[in-house]
Amino acid sequence: MARRLRPVGLDFVGSAPVRLVFTAEVSAAPEPVFRALAEDVPGWTAWFSAVTSARSIGEGAGREIRLRGGTRFVEAVLAADRPEVYAYRVDVTNAPGARALAEQWRLTPAGTGTRVRWTVAADGTAPFRFALHLARPALGRAFRGAVASLDRRLAGA
């Protein structure tokens, strides 16, 4: 059953009770990486294997995301600061125990490529927070695989 989460701002990314941070480098420059994240929302299904459906809503002010396994999110974009930051919060989800969720993608130049830093910020029940900590290795693998796939996709564009 879907339910509304507590609305949080961009500051939540730095202050959430649970923060998972993952970093990887890609050969593409920040601008095309930013476009893939913020503007080609349906394209997420081509490079992030956990995402089965992604679409912009509200003229780009939000997103509707479906993940493998059935988790759904309705998100509001918090920041789309080209080409450095793309962030969003989850307003509605069917994930049990979640109270507040936000994610931030920070892009910084790294030589001729980009360092990609993904932060997952969350609050929820004690079992939810514990489950997120247990999921850290799997989320890290999913992130690294997604970023590598995005890098291949951008190299072929």
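A54 approaches I65 most closely through the heavy-atom pair CB-CD1, 3.6 Å. Contact detail for S49 and R68: the closest heavy-atom pair is O-NH2, 3.1 Å. Contact between G70 and N94 at its shortest, heavy atoms only, is O-ND2, 3.0 Å. Counting all heavy atoms, side chain and backbone alike, E31 lies closest to P83 at OE1-CB, 3.6 Å. The two residues F128 and L101 have their closest heavy-atom pair at CZ-CD2, 3.9 Å. Here the closest heavy-atom approach between residue L150 and residue A36 is recorded as CD1-CB, 3.6 Å.
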Which pairs would a plain distance check flag for residues 6-19, meaning a side-chain donor or acceptor within less than 3.5 Å of a matching protein atom at least two apart in sequence or in another chain?
residue	atom	partner	partner atom	Å
R6	NH1	D123	OD2	3.4
S15	OG	D11	O	3.2
R19	NE	V13	O	2.6

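Interatomic distance, CZ of R117 versus CD of E25, reported as 13.0 Å (0.5 Å rounding). From L154, atom CG reaches atom CZ of R152 across 11.0 Å, with rounding to the nearest 0.5 Å.
A 6.0 Å sphere centred on CZ of R153 holds more than 12 heavy atoms belonging to other residues, nucleotides or ligands.
Residues L5 and R99 have side chains not in contact (no heavy-atom distance under 4.5 Å, counting atoms from C-beta outward). The shortest side-chain heavy-atom distance between V33 and V26 falls under the 4.5 Å cut-off. Counting heavy atoms from C-beta on, the side chains of T52 and T45 never come closer than 4.5 Å. Looking at heavy atoms from C-beta onward, R115 lies out of side-chain contact with R106 at the 4.5 angstrom threshold. Residues Q104 and V85 meet the side-chain proximity criterion, which asks for heavy atoms closer than 4.5 Å. The side-chain heavy atoms of L107 and E84, taken from C-beta on, include no pair separated by under 4.5 Å.
Here the side chain of R3 pairs a donor or acceptor atom with the backbone of A95 at under 3.5 angstrom. At distances below 3.5 Å, not a single donor-acceptor pair connects side-chain atoms of R63 with backbone N or O atoms of S56. Between the side chain of T119 and the main chain of V21, no donor-acceptor pair closer than 3.5 Å is present. At distances below 3.5 Å, at least one donor-acceptor pair connects side-chain atoms of T93 with backbone N or O atoms of R72.
F34 and L78 fall into different hydrophobic clusters, where Ile, Leu, Val, Met, Phe, Trp and Tyr residues are linked whenever their side-chain heavy atoms come under 4.5 Å apart, directly or through other members. Connection of L139 to Y86 is established within a shared hydrophobic cluster, with ILVMFWY side chains joined at heavy-atom distances below 4.5 Å, either directly or through further cluster members. Under the 4.5 Å side-chain heavy-atom criterion for grouping Ile, Leu, Val, Met, Phe, Trp and Tyr, V51 is connected to F73 within one hydrophobic cluster. At a threshold of 4.5 Å between side-chain heavy atoms, the hydrophobic network of Ile, Leu, Val, Met, Phe, Trp and Tyr places L67 and L20 in one connected group. Hydrophobic clustering (side-chain heavy atoms under 4.5 Å, transitive across Ile, Leu, Val, Met, Phe, Trp, Tyr) groups V147 together with L37.
Scored by the ring pair (Phe, Tyr, Trp, His ring centres under 6.0 Å) test, W44 finds W47, W105 as partners (sequence neighbours excluded). Scored by the side chain to side chain donor-acceptor pair (under 3.5 Å) test, D81 finds no partners at all (sequence neighbours excluded). For the side chain to side chain donor-acceptor pair (under 3.5 Å) test, residues two or more places apart in sequence or in another chain that qualify with E103 are Y88, W118.
Screening residues 132-151 for side-chain hydrogen bond (donor to acceptor under 3.5 Å, both in side chains) gives S27-D151 as the qualifying pairs, with residues at least two apart or on separate chains.
Think of V92 as one node in a network of Ile, Leu, Val, Met, Phe, Trp and Tyr side chains linked at under 4.5 Å; its network also takes in I57, V74.
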